[in-house]
Amino acid sequence: MTQSPFRISKAVIPAAGLGTRFLPATKATPKEMLPVVDKPAIQYVVEEAVGAGLTDVLMVTGRNKRPLEDHFDRNYELEEALLKKGDQDRLAKVQQSSDLATMHYVRQGDPRGLGHAVLCAAPHVGDQPFAVLLGDDLIDPRDPLLSRMVEVQEREGGSVIALMEVEPAQIGLYGCAAVEATVDSDVVKVTNLVEKPEPGEAPSNYAIIGRYVLDPAVFAILRETEPGRGGEIQLTDALQKLAMDEKVGGPVHGVVFKGRRYDTGDRGDYLRAIVRLACEREDLGPEFRAWLRSYVTEEM
Ligand code: UTP
């Protein structure tokens, strides 16, 4: 067992995709800024990173990066106005996102795929393991995943990916992992990865979801990875090389996630995320649940 000599502190959040599934909302706004109840989706993701002890956050942005940067920065004008009104509650909400973490930004000129976005983080990350959180993948704050992945990486070394069991009919939409069991029921050893397998060719029902803790060896592999599916540099292709040759960057393990997760880049899942999180909010929940109950019984 290799013990990782580093305490993981850096998180990379790719948020430079085109968000075409959400047009026209994403014409001038990154999809990561779409609100889930009253917070942009990306704030949940940064809060998750911070909750797992990662306080240095690098966001990979594309065109329309301004709203992302502004959201995690101070807004003196607004703060001043709220202060004058004595509105402490809203002032705290405004300040919360700028006080969360040390934020850094790097620009991905062309959206050449998730692998390319991760490669843009190489100069900032340097030679230590780091986390990647996809900006449009929302893990319910009550179901911690990243902290468990960090724990497994620190114990086993190498890289750790997040896996979720999906229906066989759905696996073709995801990267899929071939796995072996380990002594921990929620941890598997990853032996191979296939991006969006054809029906009948999937090695398992384990889909890769948007959380990774990666060995920096992934950067050298990404530099040599040719564009794959859709002309994009796929992170899964680089992870496959890591999984198939432990000598390169240590083993690849998977943490099997059984909690609630929403792909906020998908319209249906985005709506489900809002309804679920709104129902469970102390301030909005009771009234919203009552309305929803009567809406479902009377209108549907
Ligand atoms: P997606 O494939 O879900 O993002 O990428 P997309 O391309 O924006 O979505 P659609 O299909 O057009 O609606 C997964 C994650 O990787 C980021 C995205 O921002 C998202 O968080 N990404 C993707 C990049 O940062 N750069 C890229 O070149 C591609």
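Every number for a ligand or one of its atoms is a count from 1 in the order of the listing. Only this structure's heavy atoms are used, side chains among them; waters, hydrogens and symmetry mates stay out.
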Report task. For atom 7 (O) of ligand 1, state which one of Leu18, Leu134, Leu133 supplies the nearest heavy atom. Result -> Leu18

Query raised in the report: Can the positive tip of Lys65 be found less than 6.0 Å from the middle of the six-membered ring of Tyr105, inside 45° of the ring normal?
Result: no

Query raised in the report: Got a donor-acceptor contact below 3.5 angstrom from the Thr26 side chain to the Gly19 backbone?
Result: yes

Query raised in the report: Heavy-atom contacts under 4.0 Å between His116 and ligand 1: side chain, backbone, both, or neither?
Result: neither

Requested in this report: State whether a side-chain donor-acceptor pair under 3.5 Å links Asp110 with His116.
Outcome: no

**Report entry** Donor-acceptor under 3.5 Å (Ser147 side chain, Pro144 main chain)
**Finding:** no

Requested in this report: Name the closest protein heavy atom to atom 21 (O) of ligand 1, giving the residue it belongs to and the distance to 0.1 Å.
Outcome: Pro14 O, 3.1 Å

Query - Nearest non-hydrogen protein atom, atom 11 (O) of ligand 1 - result: Arg21 NE, 3.1 Å

Query raised in the report: For ligand 1, is there an atom lying under 4.0 Å from some heavy atom of Glu232?
Result: no

Requested in this report: Run the salt-bridge test on Asp140 and Arg142 with the 4.0 Å N-O cut-off and return the result as yes or no.
Outcome: yes

Query raised in the report: For ligand 1, which atoms, with element, lie under 4.0 Å from some heavy atom of Thr20?
Result: 10 (P), 11 (O), 12 (O), 13 (O)

Requested in this report: Using a strict cut-off of 4.0 Å, indicate which atoms of ligand 1 neighbour a heavy atom of Glu32.
Outcome: 19 (O), 21 (O)

Query raised in the report: Under 3.5 Å, is there a donor-acceptor pair linking the side chains of Gln240 and Asn192?
Result: yes

Query raised in the report: Can you tell if the side chain of Asp266 reaches within under 4.5 Å of the side chain of Thr264, non-hydrogen atoms only?
Result: no

Report task. May I ask you to list the atoms of ligand 1 that are less than 4.0 angstrom from any heavy atom of Gly113? Result -> 26 (N), 27 (C), 28 (O), 29 (C)

Report task. State, with a plain yes or no, whether a side-chain heavy atom of Val118 is found less than 4.5 Å away from one of Tyr212. Result -> no

Query raised in the report: Does atom 2 (O) of ligand 1 have any protein heavy atom closer than 4.0 Å?
Result: no

Query raised in the report: Does atom 5 (O) of ligand 1 have a protein heavy-atom neighbour under 4.0 Å away?
Result: no

Query raised in the report: Hey, would you say the Tyr270 and Phe22 ring centroids sit under 6.0 Å apart?
Result: yes

Requested in this report: For ligand 1, find out whether one of its N or O atoms is nearer than 3.5 Å to an N or O atom of Arg112.
Outcome: yes

Query raised in the report: In terms of atom number and element, which parts of ligand 1 are under 4.0 angstrom from non-hydrogen atoms of Gln108?
Result: 24 (C), 25 (O), 26 (N), 27 (C), 28 (O)

**Report entry** Polar contact flag for Leu114 and ligand 1 (N/O pairs, less than 3.5 Å)
**Finding:** no

Query raised in the report: Do any nitrogen or oxygen atoms of Ala16 come within less than 3.5 Å of a nitrogen or oxygen of ligand 1?
Result: yes

Requested in this report: Return the option from Gly17, Pro30, Gly210, Gly115 holding the heavy atom at the smallest distance from atom 22 (N) of ligand 1.
Outcome: Gly17

Query raised in the report: Does the side chain of Asp136 come within less than 4.5 Å of Arg21's, by heavy atoms?
Result: yes

Query raised in the report: Of all the non-hydrogen atoms in the protein, which one sits nearest to atom 9 (O) of ligand 1, and at what distance?
Result: Lys31 NZ, 3.1 Å

Query raised in the report: Any N or O on Asp110 sitting closer than 3.5 Å to an N or O of ligand 1?
Result: no

Query raised in the report: Heavy atom of Gly135 under 4.0 Å from ligand 1?
Result: yes

**Report entry** ligand 1 versus Ala117: contacting region, heavy-atom distance under 4.0 Å
**Finding:** side chain

Report task. Around atom 8 (O) of ligand 1, find the nearest protein heavy atom and jot down its residue, atom name and distance. Result -> Gly19 N, 2.7 Å

Query raised in the report: Is there a donor-acceptor pair under 3.5 Å between the side chain of Arg211 and the backbone N or O of Ala162?
Result: no

Query raised in the report: Is there a donor-acceptor pair closer than 3.5 Å between any side-chain N or O of Ser97 and the backbone N or O of His71?
Result: yes

**Report entry** Sub-4.5 Å side-chain heavy-atom contact between Glu69 and Met59
**Finding:** no

Query raised in the report: With only distance considered, is Phe22 within less than 3.5 Å of ligand 1 through an N or O on each side?
Result: no

**Report entry** Ligand-side contact atoms (ligand 1) for residue partner Pro111, heavy atom cut-off under 4.0 Å
**Finding:** 28 (O)

